[in-house]
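Input: a single structure, listed below in C-alpha coordinates.
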Amino acid sequence: MVISNAQILAHLGDTGRVAGTLHPKAQAILFGDVADDAIDRDLPWITQVDRAHLVMMAETGLLPIAHVSPLLRRIDEMECSGFASLRGRSAPRGVYLLYETYLIADLGEEIGGVLQTARSRNDLGATVLRMRLRQVVADLLTGLSRLQTTLLRRAEDCADAVFPIYTHYQPAQPVTLAHYYAGVAAALDRDAEALHAVLSDLDRCPLGAGAVGGTGLPIDTRRTAALLGFSTPWAHSIDAVASRDAVLRLLAALGILGVTVSRLAHDLQLWTTGEFGFLTVADDLVGTSSMMPQKRNVYMLEHIKGMAAAPMGALTAAAMAMHATPFSNSIAVGTEGVKPVWAAASGMADALTLVRLIVAGAEPNQGAMRLRAISGQTNATALADWLVRERGMPFRRAHHEVGGVIRGMMVQGVVDLATAARDAHPEWFHGERSPHLKPIDVVAAQEHGGGPGPDSTIREIERVRASLRTRRAALVAQHRRWRAARQTLRSAVERVLDIAVIDRPGQGHPAGA
(Lines give C-alpha, C1' and ligand atoms only; values in the text may rest on other atoms or scores of the structure.)
Protein backbone atom coordinates (compact mmCIF):
# COMPACT_ATOMS: atom_id res chain seq x y z
CA MET A 1 0.00 0.00 0.00
CA VAL A 2 1.39 3.38 -1.03
CA ILE A 3 0.68 6.19 1.42
CA SER A 4 0.50 9.58 -0.25
CA ASN A 5 1.71 12.87 1.15
CA ALA A 6 -1.89 14.07 1.14
CA GLN A 7 -2.88 11.23 3.47
CA ILE A 8 0.02 12.00 5.82
CA LEU A 9 -0.77 15.72 5.85
CA ALA A 10 -4.44 15.00 6.45
CA HIS A 11 -3.54 13.21 9.68
CA LEU A 12 -0.92 15.76 10.71
CA GLY A 13 -3.09 18.73 9.80
CA ASP A 14 -5.79 18.11 12.37
CA THR A 15 -4.71 16.96 15.83
CA GLY A 16 -8.07 17.77 17.40
CA ARG A 17 -6.81 20.82 19.22
CA VAL A 18 -4.71 22.28 16.39
CA ALA A 19 -5.83 22.41 12.77
CA GLY A 20 -3.27 22.82 10.00
CA THR A 21 0.41 22.06 9.73
CA LEU A 22 3.35 24.20 10.69
CA HIS A 23 4.16 27.30 8.62
CA PRO A 24 6.50 26.21 5.79
CA LYS A 25 9.32 28.59 6.76
CA ALA A 26 9.16 27.55 10.40
CA GLN A 27 9.09 23.90 9.32
CA ALA A 28 12.19 24.37 7.15
CA ILE A 29 14.08 25.99 10.04
CA LEU A 30 13.05 23.49 12.72
CA PHE A 31 12.75 20.21 10.82
CA GLY A 32 14.24 20.73 7.37
CA ASP A 33 12.60 20.51 3.98
CA VAL A 34 12.65 16.71 4.05
CA ALA A 35 13.06 14.27 6.93
CA ASP A 36 15.96 12.18 5.60
CA ASP A 37 18.64 13.47 8.00
CA ALA A 38 16.39 13.00 11.02
CA ILE A 39 15.45 9.54 9.77
CA ASP A 40 19.08 8.45 9.71
CA ARG A 41 19.87 10.13 13.02
CA ASP A 42 16.84 9.25 15.16
CA LEU A 43 14.55 6.60 13.73
CA PRO A 44 16.77 3.53 14.31
CA TRP A 45 16.80 4.46 18.01
CA ILE A 46 13.08 5.32 18.09
CA THR A 47 12.10 1.98 16.59
CA GLN A 48 14.20 0.16 19.19
CA VAL A 49 12.29 1.99 21.93
CA ASP A 50 8.99 1.29 20.16
CA ARG A 51 9.68 -2.43 20.09
CA ALA A 52 10.51 -2.53 23.78
CA HIS A 53 7.40 -0.54 24.64
CA LEU A 54 5.10 -2.67 22.50
CA VAL A 55 6.55 -5.92 23.86
CA MET A 56 6.02 -4.72 27.42
CA MET A 57 2.46 -3.59 26.65
CA ALA A 58 1.67 -7.00 25.16
CA GLU A 59 3.31 -8.90 28.03
CA THR A 60 1.35 -6.93 30.65
CA GLY A 61 -1.91 -7.26 28.72
CA LEU A 62 -2.30 -3.51 28.34
CA LEU A 63 -2.49 -3.94 24.57
CA PRO A 64 -3.84 -7.00 22.71
CA ILE A 65 -1.37 -8.98 20.65
CA ALA A 66 -3.72 -8.53 17.69
CA HIS A 67 -2.82 -4.84 17.76
CA VAL A 68 0.81 -5.16 18.76
CA SER A 69 1.96 -7.76 16.23
CA PRO A 70 1.02 -5.82 13.04
CA LEU A 71 2.87 -2.81 14.42
CA LEU A 72 5.97 -4.86 15.20
CA ARG A 73 5.93 -6.42 11.73
CA ARG A 74 5.48 -3.09 9.99
CA ILE A 75 8.25 -1.45 12.03
CA ASP A 76 10.58 -4.32 11.08
CA GLU A 77 9.68 -3.93 7.41
CA MET A 78 10.23 -0.18 7.46
CA GLU A 79 13.61 -0.52 9.14
CA CYS A 80 14.75 -3.28 6.79
CA SER A 81 13.97 -0.98 3.84
CA GLY A 82 15.98 1.86 5.39
CA PHE A 83 12.67 3.67 6.01
CA ALA A 84 12.33 4.13 2.27
CA SER A 85 8.60 4.90 2.58
CA LEU A 86 9.38 8.01 4.64
CA ARG A 87 12.29 9.40 2.64
CA GLY A 88 11.87 12.51 0.60
CA ARG A 89 8.82 13.54 2.63
CA SER A 90 8.48 16.68 4.67
CA ALA A 91 8.05 16.40 8.42
CA PRO A 92 5.95 19.44 9.38
CA ARG A 93 5.80 18.34 13.02
CA GLY A 94 9.03 16.36 13.26
CA VAL A 95 10.19 12.94 12.16
CA TYR A 96 8.48 11.03 14.97
CA LEU A 97 5.01 12.28 14.10
CA LEU A 98 5.70 11.66 10.41
CA TYR A 99 6.60 8.08 11.27
CA GLU A 100 3.67 7.53 13.64
CA THR A 101 1.25 9.14 11.21
CA TYR A 102 2.49 6.88 8.44
CA LEU A 103 1.80 3.83 10.62
CA ILE A 104 -1.71 5.09 11.35
CA ALA A 105 -2.40 5.74 7.66
CA ASP A 106 -0.96 2.34 6.77
CA LEU A 107 -2.45 0.14 9.49
CA GLY A 108 -5.50 2.13 10.50
CA GLU A 109 -6.14 4.05 13.68
CA GLU A 110 -7.21 0.99 15.69
CA ILE A 111 -3.71 -0.46 15.30
CA GLY A 112 -1.39 2.37 14.36
CA GLY A 113 -3.02 4.67 16.88
CA VAL A 114 -2.08 2.58 19.93
CA LEU A 115 1.67 3.11 19.65
CA GLN A 116 1.70 6.12 21.97
CA THR A 117 -0.41 4.46 24.69
CA ALA A 118 1.15 5.25 28.11
CA ARG A 119 3.91 7.21 26.43
CA SER A 120 4.80 10.69 25.22
CA ARG A 121 7.32 12.18 22.84
CA ASN A 122 8.87 13.64 25.99
CA ASP A 123 9.93 10.40 27.65
CA LEU A 124 10.63 8.88 24.23
CA GLY A 125 12.95 11.75 23.34
CA ALA A 126 14.73 11.59 26.70
CA THR A 127 15.25 7.85 26.26
CA VAL A 128 16.54 8.12 22.70
CA LEU A 129 18.94 10.87 23.77
CA ARG A 130 20.44 8.71 26.49
CA MET A 131 20.79 5.73 24.16
CA ARG A 132 22.58 7.89 21.60
CA LEU A 133 24.77 9.52 24.22
CA ARG A 134 25.85 6.28 25.83
CA GLN A 135 27.14 5.04 22.48
CA VAL A 136 28.94 8.34 21.92
CA VAL A 137 30.57 8.12 25.37
CA ALA A 138 31.56 4.50 24.80
CA ASP A 139 33.21 5.45 21.50
CA LEU A 140 35.05 8.34 23.18
CA LEU A 141 36.28 6.01 25.90
CA THR A 142 37.55 3.61 23.25
CA GLY A 143 39.44 6.41 21.51
CA LEU A 144 40.84 7.65 24.80
CA SER A 145 41.92 4.14 25.75
CA ARG A 146 43.79 3.81 22.45
CA LEU A 147 45.58 7.10 23.04
CA GLN A 148 46.61 6.04 26.54
CA THR A 149 47.82 2.70 25.23
CA THR A 150 49.94 4.45 22.61
CA LEU A 151 51.40 6.84 25.18
CA LEU A 152 52.34 3.97 27.49
CA ARG A 153 53.88 1.97 24.66
CA ARG A 154 55.89 4.96 23.51
CA ALA A 155 56.92 5.58 27.12
CA GLU A 156 58.47 2.11 27.21
CA ASP A 157 60.22 2.79 23.89
CA CYS A 158 61.64 6.13 25.06
CA ALA A 159 63.07 5.18 28.46
CA ASP A 160 66.53 6.52 27.51
CA ALA A 161 65.39 9.64 25.68
CA VAL A 162 66.60 12.29 28.15
CA PHE A 163 65.55 15.88 27.56
CA PRO A 164 64.78 19.01 29.56
CA ILE A 165 61.27 19.50 30.87
CA TYR A 166 60.40 23.19 30.71
CA THR A 167 58.84 25.57 33.22
CA HIS A 168 57.99 29.11 32.11
CA TYR A 169 59.37 28.07 28.70
CA GLN A 170 62.84 27.68 30.19
CA PRO A 171 64.73 24.37 30.60
CA ALA A 172 64.16 23.17 34.16
CA GLN A 173 65.29 19.62 34.98
CA PRO A 174 66.23 16.54 32.98
CA VAL A 175 63.51 13.93 32.52
CA THR A 176 62.85 11.23 29.97
CA LEU A 177 60.27 11.22 27.23
CA ALA A 178 59.02 8.05 28.93
CA HIS A 179 58.33 10.05 32.10
CA TYR A 180 56.53 12.76 30.13
CA TYR A 181 54.34 10.35 28.17
CA ALA A 182 53.47 8.41 31.34
CA GLY A 183 52.46 11.67 33.02
CA VAL A 184 50.09 12.60 30.19
CA ALA A 185 48.62 9.08 30.26
CA ALA A 186 48.03 9.49 34.01
CA ALA A 187 46.23 12.81 33.49
CA LEU A 188 44.09 11.23 30.76
CA ASP A 189 43.15 8.49 33.20
CA ARG A 190 41.27 11.06 35.28
CA ASP A 191 39.53 12.24 32.13
CA ALA A 192 38.53 8.63 31.47
CA GLU A 193 37.19 8.38 35.02
CA ALA A 194 34.97 11.41 34.38
CA LEU A 195 33.63 9.88 31.15
CA HIS A 196 32.91 6.60 32.90
CA ALA A 197 30.93 8.56 35.51
CA VAL A 198 28.84 10.07 32.69
CA LEU A 199 28.29 6.60 31.24
CA SER A 200 27.11 5.37 34.63
CA ASP A 201 24.70 8.31 34.92
CA LEU A 202 23.26 7.45 31.50
CA ASP A 203 22.25 4.00 32.76
CA ARG A 204 18.78 5.12 33.92
CA CYS A 205 15.82 4.83 31.55
CA PRO A 206 13.27 7.71 31.39
CA LEU A 207 10.69 5.66 29.46
CA GLY A 208 7.44 5.59 31.41
CA ALA A 209 7.65 9.15 32.69
CA GLY A 210 5.20 10.18 29.96
CA ALA A 211 4.76 13.86 29.19
CA VAL A 212 5.87 14.84 32.70
CA GLY A 213 3.54 13.17 35.20
CA GLY A 214 3.89 9.45 34.52
CA THR A 215 0.82 7.38 33.63
CA GLY A 216 -2.12 5.77 35.36
CA LEU A 217 -1.70 2.59 33.32
CA PRO A 218 0.23 -0.20 35.15
CA ILE A 219 3.23 -0.32 32.84
CA ASP A 220 6.36 -2.31 33.67
CA THR A 221 9.19 0.23 33.44
CA ARG A 222 11.76 -2.28 34.67
CA ARG A 223 11.00 -4.49 31.70
CA THR A 224 11.40 -1.73 29.13
CA ALA A 225 14.56 -0.49 30.83
CA ALA A 226 16.08 -3.98 30.69
CA LEU A 227 15.04 -4.52 27.05
CA LEU A 228 16.83 -1.29 26.13
CA GLY A 229 20.01 -2.13 28.02
CA PHE A 230 19.49 0.19 30.98
CA SER A 231 20.13 -1.02 34.52
CA THR A 232 17.13 0.72 36.08
CA PRO A 233 14.13 2.92 35.26
CA TRP A 234 14.06 6.54 36.34
CA ALA A 235 12.42 7.04 39.74
CA HIS A 236 10.83 10.46 39.20
CA SER A 237 8.78 11.52 36.18
CA ILE A 238 9.52 15.27 36.26
CA ASP A 239 13.25 14.71 36.74
CA ALA A 240 13.22 12.15 33.91
CA VAL A 241 11.84 14.50 31.26
CA ALA A 242 13.21 17.80 32.61
CA SER A 243 16.85 16.90 33.14
CA ARG A 244 19.55 17.05 30.52
CA ASP A 245 22.42 17.51 32.97
CA ALA A 246 24.06 14.40 31.47
CA VAL A 247 24.75 16.56 28.41
CA LEU A 248 26.38 19.21 30.59
CA ARG A 249 28.40 16.62 32.50
CA LEU A 250 29.60 15.08 29.25
CA LEU A 251 30.58 18.46 27.81
CA ALA A 252 32.33 19.39 31.06
CA ALA A 253 34.28 16.12 30.98
CA LEU A 254 35.15 16.69 27.32
CA GLY A 255 36.15 20.27 28.04
CA ILE A 256 38.65 19.12 30.66
CA LEU A 257 39.83 16.31 28.38
CA GLY A 258 40.28 18.93 25.67
CA VAL A 259 42.53 20.94 27.98
CA THR A 260 44.72 17.86 28.57
CA VAL A 261 44.89 17.02 24.88
CA SER A 262 45.62 20.62 23.87
CA ARG A 263 48.53 20.84 26.32
CA LEU A 264 50.01 17.65 24.88
CA ALA A 265 49.53 19.03 21.36
CA HIS A 266 51.15 22.31 22.38
CA ASP A 267 54.27 20.57 23.70
CA LEU A 268 54.49 18.35 20.63
CA GLN A 269 54.22 21.38 18.36
CA LEU A 270 57.07 23.14 20.15
CA TRP A 271 59.27 20.06 20.25
CA THR A 272 58.83 19.37 16.52
CA THR A 273 60.01 22.86 15.52
CA GLY A 274 63.49 23.45 14.12
CA GLU A 275 64.28 25.58 17.15
CA PHE A 276 63.79 22.58 19.46
CA GLY A 277 64.28 19.63 17.12
CA PHE A 278 63.45 17.10 19.84
CA LEU A 279 60.99 15.08 17.75
CA THR A 280 60.65 14.21 14.09
CA VAL A 281 57.19 13.28 12.86
CA ALA A 282 56.69 10.74 10.06
CA ASP A 283 56.15 12.06 6.53
CA ASP A 284 52.59 10.77 6.35
CA LEU A 285 51.61 13.00 9.29
CA VAL A 286 52.97 16.33 8.03
CA GLY A 287 52.25 18.78 5.25
CA THR A 288 54.29 21.19 3.20
CA SER A 289 53.86 24.70 1.86
CA SER A 290 52.36 25.61 -1.48
CA MET A 291 55.06 28.28 -1.82
CA MET A 292 58.01 27.53 0.48
CA PRO A 293 59.88 24.36 -0.51
CA GLN A 294 61.65 23.91 2.84
CA LYS A 295 58.51 23.74 4.95
CA ARG A 296 57.53 20.63 6.88
CA ASN A 297 54.39 21.53 8.81
CA VAL A 298 52.96 19.35 11.59
CA TYR A 299 49.70 21.16 10.97
CA MET A 300 47.55 18.39 12.42
CA LEU A 301 48.53 19.61 15.88
CA GLU A 302 46.84 22.92 15.13
CA HIS A 303 43.67 21.08 14.14
CA ILE A 304 43.88 19.09 17.36
CA LYS A 305 44.12 22.21 19.50
CA GLY A 306 41.13 23.74 17.74
CA MET A 307 39.04 20.57 18.03
CA ALA A 308 39.94 20.21 21.68
CA ALA A 309 38.65 23.71 22.40
CA ALA A 310 35.17 23.11 20.97
CA PRO A 311 33.64 21.21 23.94
CA MET A 312 34.18 24.16 26.28
CA GLY A 313 32.31 26.44 23.89
CA ALA A 314 29.60 23.81 23.52
CA LEU A 315 29.29 23.57 27.32
CA THR A 316 28.74 27.31 27.55
CA ALA A 317 26.13 27.26 24.77
CA ALA A 318 24.29 24.25 26.25
CA ALA A 319 24.33 25.60 29.79
CA MET A 320 23.01 28.99 28.69
CA ALA A 321 20.22 27.34 26.69
CA MET A 322 19.19 25.37 29.78
CA HIS A 323 19.74 28.18 32.26
CA ALA A 324 16.67 29.69 33.99
CA THR A 325 14.15 27.42 32.21
CA PRO A 326 11.25 25.66 33.98
CA PHE A 327 12.15 22.36 35.60
CA SER A 328 9.81 20.43 33.34
CA ASN A 329 9.80 19.41 29.72
CA SER A 330 11.38 22.27 27.79
CA ILE A 331 12.42 22.56 24.16
CA ALA A 332 15.08 25.09 25.16
CA VAL A 333 16.61 22.33 27.30
CA GLY A 334 15.82 19.11 25.47
CA THR A 335 16.39 20.34 21.91
CA GLU A 336 18.38 23.56 21.81
CA GLY A 337 20.46 22.72 24.88
CA VAL A 338 21.36 19.32 23.45
CA LYS A 339 22.35 20.50 19.96
CA PRO A 340 25.97 21.48 20.74
CA VAL A 341 26.96 18.09 22.17
CA TRP A 342 27.09 16.13 18.92
CA ALA A 343 29.64 18.21 17.01
CA ALA A 344 31.74 18.71 20.15
CA ALA A 345 31.87 14.98 20.88
CA SER A 346 32.62 14.11 17.24
CA GLY A 347 35.42 16.67 17.10
CA MET A 348 36.90 15.41 20.35
CA ALA A 349 36.87 11.85 19.03
CA ASP A 350 38.75 13.04 15.95
CA ALA A 351 41.25 14.96 18.08
CA LEU A 352 41.98 11.81 20.10
CA THR A 353 42.66 9.86 16.91
CA LEU A 354 44.91 12.53 15.41
CA VAL A 355 47.02 13.08 18.52
CA ARG A 356 47.41 9.31 18.89
CA LEU A 357 48.79 9.13 15.35
CA ILE A 358 51.24 11.94 16.08
CA VAL A 359 52.47 10.33 19.32
CA ALA A 360 52.91 6.99 17.56
CA GLY A 361 54.73 8.58 14.62
CA ALA A 362 57.04 11.00 16.49
CA GLU A 363 60.62 9.77 16.87
CA PRO A 364 62.96 11.37 19.44
CA ASN A 365 66.17 13.05 18.31
CA GLN A 366 68.15 12.02 21.35
CA GLY A 367 71.31 13.95 20.49
CA ALA A 368 69.47 17.27 20.32
CA MET A 369 67.53 16.42 23.46
CA ARG A 370 70.64 15.57 25.52
CA LEU A 371 72.53 18.60 24.23
CA ARG A 372 69.79 20.97 25.35
CA ALA A 373 69.59 19.24 28.73
CA ILE A 374 73.30 19.99 29.17
CA SER A 375 73.34 23.51 27.70
CA GLY A 376 70.29 24.42 29.74
CA GLN A 377 72.11 23.47 32.99
CA THR A 378 69.21 21.22 33.94
CA ASN A 379 71.57 19.42 36.35
CA ALA A 380 71.90 22.51 38.56
CA THR A 381 69.34 21.35 41.13
CA ALA A 382 71.06 17.97 41.32
CA LEU A 383 74.36 19.72 42.14
CA ALA A 384 72.67 21.79 44.86
CA ASP A 385 71.11 18.63 46.31
CA TRP A 386 74.51 16.93 46.28
CA LEU A 387 76.02 19.82 48.26
CA VAL A 388 73.23 19.44 50.82
CA ARG A 389 73.65 15.68 51.07
CA GLU A 390 77.45 15.34 50.87
CA ARG A 391 78.72 18.65 52.22
CA GLY A 392 76.00 19.49 54.73
CA MET A 393 75.37 22.84 53.10
CA PRO A 394 71.97 24.51 53.74
CA PHE A 395 69.91 24.28 50.58
CA ARG A 396 69.38 28.04 50.21
CA ARG A 397 73.14 28.58 50.34
CA ALA A 398 73.74 25.71 47.90
CA HIS A 399 71.12 27.21 45.60
CA HIS A 400 72.91 30.57 45.74
CA GLU A 401 76.37 29.11 45.18
CA VAL A 402 75.34 27.01 42.18
CA GLY A 403 73.53 30.00 40.72
CA GLY A 404 76.75 31.96 41.04
CA VAL A 405 78.66 29.29 39.15
CA ILE A 406 76.10 29.40 36.35
CA ARG A 407 76.32 33.19 36.17
CA GLY A 408 80.07 32.83 35.67
CA MET A 409 79.50 30.23 32.98
CA MET A 410 77.28 32.63 31.05
CA VAL A 411 80.03 35.25 31.08
CA GLN A 412 82.74 32.78 30.05
CA GLY A 413 80.62 30.95 27.47
CA VAL A 414 81.10 27.61 29.26
CA VAL A 415 78.43 24.91 28.84
CA ASP A 416 79.43 22.06 31.18
CA LEU A 417 78.31 22.76 34.75
CA ALA A 418 80.42 19.98 36.32
CA THR A 419 83.64 21.41 34.86
CA ALA A 420 82.74 24.97 35.78
CA ALA A 421 81.88 23.98 39.36
CA ARG A 422 85.22 22.17 39.82
CA ASP A 423 87.10 25.20 38.52
CA ALA A 424 85.18 27.67 40.68
CA HIS A 425 84.95 25.60 43.87
CA PRO A 426 87.58 22.85 44.02
CA GLU A 427 86.94 22.57 47.79
CA TRP A 428 83.54 21.04 47.07
CA PHE A 429 85.14 18.04 45.39
CA HIS A 430 87.83 16.89 47.86
CA GLY A 431 87.81 13.20 48.65
CA GLU A 432 86.58 10.34 46.50
CA ARG A 433 82.91 11.25 46.18
CA SER A 434 81.82 13.57 43.40
CA PRO A 435 78.41 14.35 41.93
CA HIS A 436 77.05 12.52 38.92
CA LEU A 437 75.84 15.40 36.78
CA LYS A 438 75.32 13.81 33.37
CA PRO A 439 71.61 14.25 32.54
CA ILE A 440 71.10 10.48 32.29
CA ASP A 441 72.66 10.02 35.75
CA VAL A 442 70.57 12.83 37.23
CA VAL A 443 67.43 11.22 35.84
CA ALA A 444 68.42 7.80 37.23
CA ALA A 445 68.74 9.28 40.74
CA GLN A 446 65.37 11.07 40.72
CA GLU A 447 63.32 8.16 42.07
CA HIS A 448 61.51 10.03 44.83
CA GLY A 449 58.42 12.20 44.62
CA GLY A 450 57.23 10.52 41.45
CA GLY A 451 60.37 11.63 39.62
CA PRO A 452 61.69 10.36 36.28
CA GLY A 453 63.88 7.61 37.72
CA PRO A 454 63.48 4.27 35.92
CA ASP A 455 61.74 2.44 38.76
CA SER A 456 59.43 5.36 39.48
CA THR A 457 58.47 5.68 35.81
CA ILE A 458 57.88 1.95 35.41
CA ARG A 459 55.64 1.93 38.50
CA GLU A 460 53.53 4.74 37.06
CA ILE A 461 53.30 3.06 33.67
CA GLU A 462 52.09 -0.14 35.32
CA ARG A 463 49.64 1.74 37.56
CA VAL A 464 48.03 3.51 34.62
CA ARG A 465 48.07 0.31 32.57
CA ALA A 466 46.25 -1.56 35.37
CA SER A 467 43.65 1.21 35.56
CA LEU A 468 43.30 1.06 31.79
CA ARG A 469 42.68 -2.69 31.93
CA THR A 470 39.96 -2.18 34.56
CA ARG A 471 38.24 0.51 32.50
CA ARG A 472 38.44 -1.57 29.33
CA ALA A 473 36.88 -4.52 31.12
CA ALA A 474 34.05 -2.31 32.36
CA LEU A 475 33.45 -1.00 28.85
CA VAL A 476 33.50 -4.51 27.37
CA ALA A 477 30.96 -5.58 30.01
CA GLN A 478 28.78 -2.60 29.11
CA HIS A 479 28.88 -3.44 25.40
CA ARG A 480 28.10 -7.05 26.25
CA ARG A 481 25.05 -5.95 28.26
CA TRP A 482 23.79 -3.77 25.41
CA ARG A 483 24.20 -6.63 22.92
CA ALA A 484 22.41 -9.02 25.26
CA ALA A 485 19.55 -6.53 25.65
CA ARG A 486 19.20 -6.22 21.88
CA GLN A 487 19.12 -10.00 21.54
CA THR A 488 16.57 -10.28 24.37
CA LEU A 489 14.41 -7.63 22.74
CA ARG A 490 14.60 -9.40 19.39
CA SER A 491 13.63 -12.70 21.02
CA ALA A 492 10.75 -11.01 22.85
CA VAL A 493 9.51 -9.50 19.59
CA GLU A 494 9.67 -12.90 17.87
CA ARG A 495 7.77 -14.47 20.76
CA VAL A 496 4.96 -11.94 20.44
CA LEU A 497 4.83 -12.48 16.69
CA ASP A 498 4.82 -16.27 17.11
CA ILE A 499 1.91 -16.05 19.55
CA ALA A 500 0.04 -13.84 17.10
CA VAL A 501 0.38 -16.50 14.40
CA ILE A 502 -1.15 -19.28 16.51
CA ASP A 503 -3.65 -17.03 18.27
CA ARG A 504 -7.29 -17.23 17.21
CA PRO A 505 -8.35 -14.17 15.23
CA GLY A 506 -9.52 -11.37 17.51
CA GLN A 507 -8.75 -13.19 20.75
CA GLY A 508 -5.59 -11.33 21.80
CA HIS A 509 -4.07 -12.28 25.14
CA PRO A 510 -0.99 -11.21 27.05
CA ALA A 511 2.26 -12.54 25.68
CA GLY A 512 3.15 -13.74 29.15
CA ALA A 513 -0.01 -15.78 29.54
inquiry  = Taking CZ in R490 as the centre, count heavy atoms belonging to other residues, nucleotides or ligands within less than 6.0 Å. Is the count above 12?
reply    = yes
request  = Considering non-hydrogen atoms only, spot the tightest contact between I304 and A265 and give its length.
outcome  = CG2-CB, 3.9 Å
ask   = Can you find a heavy atom in the side chain of L257 that is under 4.5 Å from one in the side chain of L254?
value = yes
task = Take D191 and T260, measure what side chain to side chain donor-acceptor pair (under 3.5 Å) needs, and give me the verdict at the end.
result = CA-CA 8 Å; D191 295 322; T260 310; 3.0 Å; yes
inquiry  = Between L354 and M307, is the side-chain contact (heavy atoms from CB on, under 4.5 Å) condition met? List the steps.
reply    = CA-CA 10 Å; L354 292 178; M307 292 170 178; 4.0 Å; yes
message = Using side-chain heavy atoms (C-beta onward) and a distance below 4.5 Å, is Q269 in contact with V298?
response = no
key: Check: R356 side chain, L151 main-chain N or O, donor-acceptor pair, under 3.5 Å   = no
task = With side-chain contact (heavy atoms from CB on, under 4.5 Å) as the test, would you mind laying out the steps for L468 and S145 before giving the verdict?
result = CA-CA 7 Å; L468 190 53; S145 170; 3.5 Å; yes
task = Report the relative orientation of the aromatic rings in Y180 and W271; use parallel for angles under 30°, tilted for 30 to 60°, perpendicular for over 60°.
result = perpendicular
message = Once you measure the plane-to-plane angle for Y99 and F83, does it fall in the parallel (<30°), tilted (30-60°) or perpendicular (>60°) bin?
response = perpendicular
ask   = Any side-chain heavy atom of F230 within less than 4.5 Å of one from L207?
value = no
key: Pair Q116-Y96, side-chain donor/acceptor within less than 3.5 Å   = yes
request  = Locate the shortest heavy-atom distance separating T221 from G208; write the atom from each residue and the value.
outcome  = CG2-CA, 4.0 Å
Min side-chain heavy-atom separation R51-L54 under 4.5 Å = no
task = May I ask you to decide whether R244 forms a salt bridge with E336, counting only side-chain N to carboxylate O separations under 4.0 Å?
result = no
Validation: residues 199-206 side-chain donor-acceptor distances under 3.5 Å, sequence neighbours left out:
| residue | atom | partner | partner atom | Å |
| --- | --- | --- | --- | --- |
| D201 | OD1 | R204 | NH2 | 2.9 |
| D203 | OD1 | S231 | N | 3.3 |
| D203 | OD1 | R481 | NH2 | 3.2 |
| D203 | OD2 | S231 | OG | 2.9 |
| D203 | OD2 | R481 | NH2 | 2.8 |

request  = Determine, for Y181 and R153, whether the Lys NZ or Arg CZ falls below 6.0 Å from the six-membered ring centre while staying within 45 degrees of the axis.
outcome  = no
Presence of salt bridge, D498 and R495, under 4.0 angstrom = no
task = Over all heavy atoms of both residues, which pair between I65 and A58 is shortest? Give the atoms and the distance, please.
result = CG1-CB, 4.3 Å
note = Value for CD (E156) from CD1 (I461), rounded to nearest 0.5 Å, stands at 5.5 Å
request  = Would you sort out whether M300 and L285 count as a side-chain contact (heavy atoms from CB on, under 4.5 Å), showing the intermediate values?
outcome  = CA-CA 7 Å; M300 280 168 47; L285 297 172; 4.0 Å; yes
ask   = Atom CG in D50, atom CG in L124: separation rounded to 0.5 Å?
value = 6.5 Å
remark   = Value for CG (N329) from OG (S237), rounded to nearest 0.5 Å, stands at 11.5 Å
key: Where P311 and G255 come nearest, the two heavy atoms and their spacing   = CB-N, 3.7 Å
ask   = Mind checking whether E100 and L97 have side chains closer than 4.5 Å, heavy atoms only?
value = yes
query = For G450 and H179, which heavy atoms make the closest approach, and how far apart are they?
reply = O-CE1, 3.0 Å
message = Could you walk me through whether R471 and D189 satisfy the salt bridge (Lys or Arg N to Asp or Glu O under 4.0 Å) test, starting with their C-alpha distance in whole Å, then the side-chain angles of each, then the deciding distance to 0.1 Å, before giving a yes or no?
response = CA-CA 9 Å; R471 296 195 195 287; D189 208 49; 3.4 Å; yes
task = Determine whether more than 12 heavy atoms belonging to other residues, nucleotides or ligands lie under 6.0 Å from atom CD of E462.
result = yes
key: S346 side-chain N/O to W342 backbone N/O, donor-acceptor pair under 3.5 Å   = no
key: CG on L475 to NE2 on H196, rounded to 0.5 Å   = 5.5 Å
inquiry  = Return the CD to CD1 distance between E460 and I458, rounded to the nearest 0.5 Å.
reply    = 12.0 Å
ask   = Any luck finding a side-chain donor-acceptor pair between T47 and E79 under 3.5 Å?
value = yes
key: Single hit among T272, T280, T288 for side-chain contact (heavy atoms from CB on, under 4.5 Å) with R296   = T280
message = Run M131 and V49 through side-chain contact (heavy atoms from CB on, under 4.5 Å) and show every step you take.
response = CA-CA 10 Å; M131 292 173 71; V49 176; 3.7 Å; yes
message = Applying side chain to side chain contact (heavy atoms under 4.5 Å, CB included), can you list everything that pairs with S330, at least two apart in sequence or on another chain?
response = T325, A332, V333
query = R74 versus I111: any side-chain heavy-atom pair under 4.5 Å?
reply = no
message = So which atom in A345 and which in V136 form the shortest heavy-atom distance, rounded to 0.1 Å?
response = CB-CG1, 3.6 Å
query = Are the side chain of T101 and the backbone N or O of L98 linked by a donor-acceptor pair below 3.5 Å?
reply = no
ask   = What pairs with R223 under salt bridge (charged side-chain N to carboxylate O under 4.0 Å, His left out), at least two apart in sequence or on another chain?
value = E59
query = Is R73 salt-bridged to E77, going by a charged N under 4.0 Å from an acidic O?
reply = no
Side-chain donor or acceptor of D123 paired with backbone N/O of S120 under 3.5 Å = yes
message = Would you compute the distance between atom CZ of R119 and atom OG1 of T215 and round it to the nearest 0.5 angstrom?
response = 12.0 Å
task = Check whether more than 12 heavy atoms from other residues, nucleotides or ligands sit under 6.0 Å from atom CG of L217, and answer yes or no.
result = yes
message = Testing L497, V493, I499, V501 one by one against S69 for a side-chain contact (heavy atoms from CB on, under 4.5 Å), which residue passes?
response = L497
query = Are the side chain of N297 and the backbone N or O of Y299 linked by a donor-acceptor pair below 3.5 Å?
reply = no
ask   = Given side chains that start at C-beta, do those of M348 and L140 come closer than 4.5 Å, heavy atoms only?
value = yes
ask   = Is any side-chain heavy atom of R41 closer than 4.5 Å to a side-chain heavy atom of R132?
value = yes
